[in-house]
Amino acid sequence: MTEQTVFEIDLVGLQQCLKRKIMVILGITVLCGVFSFIFSSFWLPQEYVATTRVYVLGRSESNGVTSADFALSNYLVSDLQVLITGRNVTDVVVDTLELDMSHEELAGKIRVSAEGNTRVLQISVTDADALLAAEIANCVRDVASEQIKRILEIDAVNLVYEAKAPDEPTSPNVMKITVLGAAVGLILSTSTVSVRFFMIDAFKRKRNVA
């Protein structure tokens with residue numbers, strides 16, 4: 001019963017301590033949030049994603065599209081990812097646009113995906129320059145289309161829409177980073193105050209016992 005009473009008193013004391021230090025806790029929380037906002041807004045590099053889409057037309061579709069044709073896109077995506085990020089495409093794009101980057105660097109900027117259970121293929125390129133991201137995406141699409149038709153014996157790769165320079169960066173997510181920074185500040189400040197309280201309380205109890 002005595003131990004339970006002491007524990008309850010400790011919780012009450014901790015609550016009072018946190019109330020006394022509330023301004024310190026809030027101050028650290030705000031400072032961490034502000035720092036995270038400034039860091040993500042001015043120091044983290046911005047990245048833009050430009051996307052182009054094409055429609056992959058298989059040979060069987062000359063007589064109508066079947067459900068099997070649509071299902072084909074599920075496993076074709078992996079093959080197309082390898083083809084589109086391969087040297088046959090990236091080397092040509094680098095030479096055409098006179099890019100100052102290696103095959104590996106360019107391949108790392110390209111992401112290939114399918115629009116659901118369809119033959120609409122999405123090619124996205126991420127870069128710090130919005131205009132360059134769009135140029136690369138469109139060039140990759142044009143070069144890759146010929147490779148896809150030749151290697152996979154596809155009838156045609158028809159343009160759905162061209163990539164355009166995005167107006168807003170996709171990263172960093174300033175709001176998310178700011179909220180996370182403030183949350184970290186709140187947790188750290190609260191934990192520090194709590195640990196300090198328990199250490200002082202434990203020291204006082206030992207001194208009283210002695």
Side-chain angles (χ1 to χ4, degrees), residues 1-52 77-78 81 85 90 99-116 122-137 140 163-210:
M1 180 66 69
T2 303
E3 292 181 355
Q4 183 178 1
T5 303
V6 171
F7 184 68
E8 290 178 352
I9 293 175
D10 287 341
L11 289 180
V12 172
L14 176 60
Q15 185 179 19
Q16 292 175 346
C17 179
L18 291 174
K19 287 182 178 181
R20 290 195 301 269
K21 299 294 184 180
I22 187 64
M23 296 306 298
V24 175
I25 294 174
L26 291 178
I28 294 175
T29 301
V30 172
L31 284 177
C32 288
V34 171
F35 175 80
S36 299
F37 174 81
I38 295 174
F39 179 76
S40 58
S41 297
F42 300 102
W43 290 339
L44 288 181
Q46 293 183 331
E47 290 189 328
Y48 298 83
V49 176
T51 300
T52 180
V77 175
S78 298
Q81 172 73 42
T85 58
T90 57
L99 301 176
D100 184 20
M101 63 180 69
S102 65
H103 153 73
E104 290 77 13
E105 290 174 327
L106 178 55
K109 294 176 177 288
I110 304 171
R111 188 174 66 88
V112 180
S113 60
E115 287 297 303
Q122 179 170 288
I123 302 173
S124 300
V125 173
T126 302
D127 194 84
D129 187 321
L131 290 174
L132 184 58
E135 289 182 8
I136 294 176
V140 167
K164 296 185 181 299
D167 297 325
E168 299 292 336
T170 56
S171 64
N173 190 328
V174 177
M175 181 59 67
K176 181 178 180 180
I177 294 175
T178 300
V179 172
L180 287 176
V184 170
L186 176 62
I187 294 172
L188 288 178
S189 58
T190 303
S191 299
T192 301
V193 171
S194 299
V195 170
R196 185 173 181 274
F197 168 80
F198 285 122
M199 290 179 64
I200 295 175
D201 185 67
F203 176 77
K204 290 179 178 179
R205 290 181 187 281
K206 287 182 179 180
R207 189 175 60 180
N208 292 334
V209 171

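The structure displayed is predicted, hence computed values, not measured ones.
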(request) Give the minimum heavy-atom separation between Ala137 and Val125, together with the two atoms involved. (result) CA-CG2, 3.6 Å
(message) To check you understand the geometry: which heavy-atom pair defines the closest contact between Ala50 and Ala163, and what is its length?
(response) CB-CB, 4.2 Å
(request) Please step through side chain to side chain contact (heavy atoms under 4.5 Å, CB included) for the pair Leu18 and Ile25, ending with a clear verdict. (result) CA-CA 8 Å; Leu18 291 174; Ile25 294 174; 4.0 Å; yes
(request) Could you pull out the closest heavy-atom pair between Val174 and Ser41, with the gap in Å? (result) CG1-OG, 3.5 Å
(request) Please lay out, stage by stage, how Leu99 and Leu132 fare under the test side chain to side chain contact (heavy atoms under 4.5 Å, CB included). (result) CA-CA 10 Å; Leu99 301 176; Leu132 184 58; 3.7 Å; yes
(request) Please state whether the rings of Trp43 and Phe39 are parallel, tilted or perpendicular, taking 30° and 60° as the class boundaries. (result) perpendicular
(request) Rounded to the nearest 0.5 Å, what's the gap from OG1 on Thr90 to CE on Met101? Could you check? (result) 11.0 Å
(request) Please confirm whether the backbone N or O of Asp127 pairs with a side-chain atom of Glu47, one donor and one acceptor, at under 3.5 Å? (result) no
(message) Testing the 3.5 Å rule here: is there a donor-acceptor pair between the side chains of Thr51 and Ser124?
(response) yes
(request) Taking the side chain as every heavy atom from C-beta outward, state whether Ser171 and Gln46 have any atom pair closer than 4.5 Å. (result) no
(request) Drop me the distance from Asp129's CG to Glu135's CD, to the nearest 0.5 angstrom. (result) 8.0 Å
(message) Less than 4.5 Å apart, side chain to side chain, heavy atoms only: is that true for Val34 and Ile38?
(response) yes
(message) Between Leu180 and Ser36, is the side chain to side chain contact (heavy atoms under 4.5 Å, CB included) condition met? List the steps.
(response) CA-CA 8 Å; Leu180 287 176; Ser36 299; over 6 Å; no
(message) Which residue is it: Ile110, Leu106, Val140? I am looking for the one with a side-chain contact (heavy atoms from CB on, under 4.5 Å) to Thr85.
(response) Ile110
(message) Among residues at least two apart in sequence or on other chains, which ones pass side chain to side chain contact (heavy atoms under 4.5 Å, CB included) with Glu104?
(response) Arg87, Ser102
(request) Any chance you could measure Ile187, atom CD1, to Thr192, atom OG1, to the nearest 0.5 Å? (result) 11.5 Å
(request) Provide the closest heavy-atom pair for Phe197 versus Gly13 in the form atom of the first, atom of the second, distance. (result) CZ-C, 3.4 Å
(message) Rounded at 0.5 Å granularity, tell me how far OH in Tyr48 sits from CG in Leu131.
(response) 9.5 Å
(message) Rounded at 0.5 Å granularity, tell me how far CD1 in Ile22 sits from OG1 in Thr29.
(response) 8.0 Å
(message) Could you report the tightest heavy-atom contact between Ala134 and Ala165, atom names first, then the distance?
(response) CB-N, 3.6 Å
(request) Look at the side chain of Ser40 and the backbone N and O of Phe37, then say whether any donor-acceptor pair between them is shorter than 3.5 Å. (result) yes
(message) Any side-chain to backbone donor/acceptor pair from Ser189 onto Leu186? Under 3.5 Å, distance only.
(response) yes
(message) Testing the basics here: between Gly185 and Cys32, what is the closest heavy-atom pair and its distance to 0.1 Å?
(response) CA-SG, 3.5 Å
